[in-house]
*Asks:* 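One structure, pasted below without further comment.
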Amino acid sequence: MDRDFFGFRSEVVARSLLGHLLCRETKEGLVSGIIIETEAYLSSNDSASHTSRGITKRNATMFGPPGRAYVYFVYGNYYCLNVVTGPEGSGEAVLIRAVEPLSGLDLMYQNRGYIKKTTDLTSGPGKLCLAFAIDHKLDGHDLRKKPLYLVEQSISDRLEVITTPRIGISSAKEKKLRFIIRGNKYLSRRESLD
DNA sequence: GTTAAGATCTGCT
DNA sequence: GCAGATCTTAACG
């Protein structure tokens, strides 16, 4: 995936990331999945974004060059993976909320502990970081390079995409900045009626 | 130094 | 459907 892909506003990149592949290589092997759910966090006028109050130690990666990974720790237990977007310095990103498992299923089960259903492997931002062995050490990593990278799929522009409000936030609830592939089994939540 | 809230997940009802 | 676990971050005194 080339550099120009990430330089657009996060609302645009969030949509265009759907259908492409997220790949992770570790010494145990290769894991990959199809991106099916994303959320955009804007550079300005978005009180739900980590960057709404300026640059801090945690969110510094979001103000860096696009195409990097912004990985942060939430709720004392889990990591979330974002893709930095927009021109450098704008402070925006796209949260990867769910993928559809494609390869390396055995390794995902191993990374997640004893999970029974395939639909529980990567159907949420914290879950997919566990399954893909993503943690704070990958914060700032360039997503065009191993061991964590994106691969373009030609099917991406023919998907049926719908938008909903973002999940788990208390401000800017009205903004429909969550992008999902309609009807996919691996979404973090069922589609709401709107 | 202290404190409250948080881009979540799991297990139980 | 709901509460608890768990701990970092950032705001405030």
Side-chain angles (χ1 to χ4, degrees), chain A residues 6 9-15 17-18 22 33 35-64 66 68-86 90-101 108-141 143 148 162-181 184-193:
Chain A
F6 305 105
R9 291 172 303 150
S10 57
E11 313 95 285
V12 175
V13 180
R15 163 62 186 86
L17 275 175
L18 294 175
L22 177 68
I35 298 170
I36 58 158
E37 175 173 351
T38 60
E39 282 178 3
Y41 288 86
L42 312 182
S43 60
S44 60
N45 203 17
D46 181 7
S47 54
S49 172
H50 285 172
T51 56
S52 64
R53 298 181 191 224
I55 191 166
T56 65
K57 188 179 178 185
R58 174 176 65 162
N59 68 24
T61 304
M62 280 181 76
F63 288 96
R68 301 281 183 87
Y70 168 49
V71 181
Y72 71 94
F73 196 56
V74 277
Y75 291 112
N77 270 326
Y78 302 99
Y79 291 98
C80 291
L81 171 66
N82 295 249
V83 179
V84 178
T85 67
S90 61
E92 55 181 79
V94 173
L95 171 67
I96 311 278
R97 282 193 59 87
V99 303
E100 176 176 333
M108 290 192 207
Y109 274 104
Q110 192 177 314
N111 290 338
R112 290 278 284 121
Y114 276 96
I115 294 288
K116 294 178 182 175
K117 295 182 296 185
T118 307
T119 48
D120 285 333
L121 277 178
T122 57
S123 54
K127 295 178 189 177
L128 80 86
C129 281
L130 285 172
F132 279 62
I134 293 166
D135 64 21
H136 65 95
K137 292 192 290 293
L138 286 165
D139 184 46
H141 171 74
L143 289 169
L148 179 65
I162 59 179
T163 61
T164 80
R166 292 172 291 184
I167 306 292
I169 56 172
S170 56
S171 59
K173 283 186 162 84
E174 76 289 352
K175 294 180 189 294
K176 294 176 91 173
L177 291 172
R178 174 174 175 245
F179 297 77
I180 62 180
I181 295 180
N184 191 285
K185 284 196 301 189
Y186 300 93
L187 293 171
S188 67
R189 309 220 174 168
R190 288 286 151 213
E191 293 150 38
S192 50
L193 311 167

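Chain A is the first sequence line, chain B the second, and so forth, proteins listed ahead of strands; every chain is numbered from 1. Everything numeric in this text was worked out from a predicted model, so none of it was measured.
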*Asks:* Under a 3.5 Å distance rule, please check whether A:N184 uses its side chain to pair with a backbone N or O of A:I36 as donor and acceptor.
*Replies:* no
*Asks:* Has A:T122 got a side-chain atom pairing as donor or acceptor with A:V99's backbone, closer than 3.5 angstrom?
*Replies:* yes
*Asks:* How does DNA chain C read in dot-bracket, base by base from 5' to 3', with Watson-Crick or G-U pairs under 3.5 Å and | used when the partner is on another strand?
*Replies:* |||||.||||||.
*Asks:* Just one of A:S52, A:S47, A:S49 clears the side-chain hydrogen bond (donor to acceptor under 3.5 Å, both in side chains) bar with A:S171, so which one?
*Replies:*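 Checked A:S52, A:S47, A:S49 against A:S171; only one passes side-chain hydrogen bond (donor to acceptor under 3.5 Å, both in side chains): A:S47.
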*Asks:* Generate the contact string for nucleotides 6-13 of chain B. Rules: B means base contact, S means sugar-phosphate contact only, - means no protein heavy atom under 4.0 Å.
*Replies:* BBBSS---
*Asks:* Using whole Å, what does the distance between atom C1' of nucleotide C:dT9 and atom NE2 of A:H136 come to?
*Replies:*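 Those two atoms, NE2 and C1', are 15 Å apart.
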*Asks:* Could you state the interatomic distance from CG (A:L130) to CG (A:N77), rounded to the nearest 0.5 Å?
*Replies:* 9.0 Å
*Asks:* Whole angstrom is fine here: how far is it from CG in A:N59 over to P in C:dT8?
*Replies:* 18 Å
*Asks:* Evaluate A:F132 against A:N111 for side-chain contact (heavy atoms from CB on, under 4.5 Å), listing each step before the verdict.
*Replies:* CA-CA 7 Å; A:F132 279 62; A:N111 290 338; over 6 Å; no
*Asks:* For the backbone of A:D120 and the side chain of A:R112, can you confirm whether one donor and one acceptor N or O come within less than 3.5 Å of each other?
*Replies:* yes
*Asks:* Taking salt bridge (Lys or Arg N to Asp or Glu O under 4.0 Å) as the criterion, tell me which of A:R166, A:R15, A:R97, A:K176 meets it with A:E39.
*Replies:*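 Output: one option passes, namely A:R97.
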*Asks:* Locate the shortest heavy-atom distance separating A:Y109 from A:K116; write the atom from each residue and the value.
*Replies:* OH-O, 3.6 Å
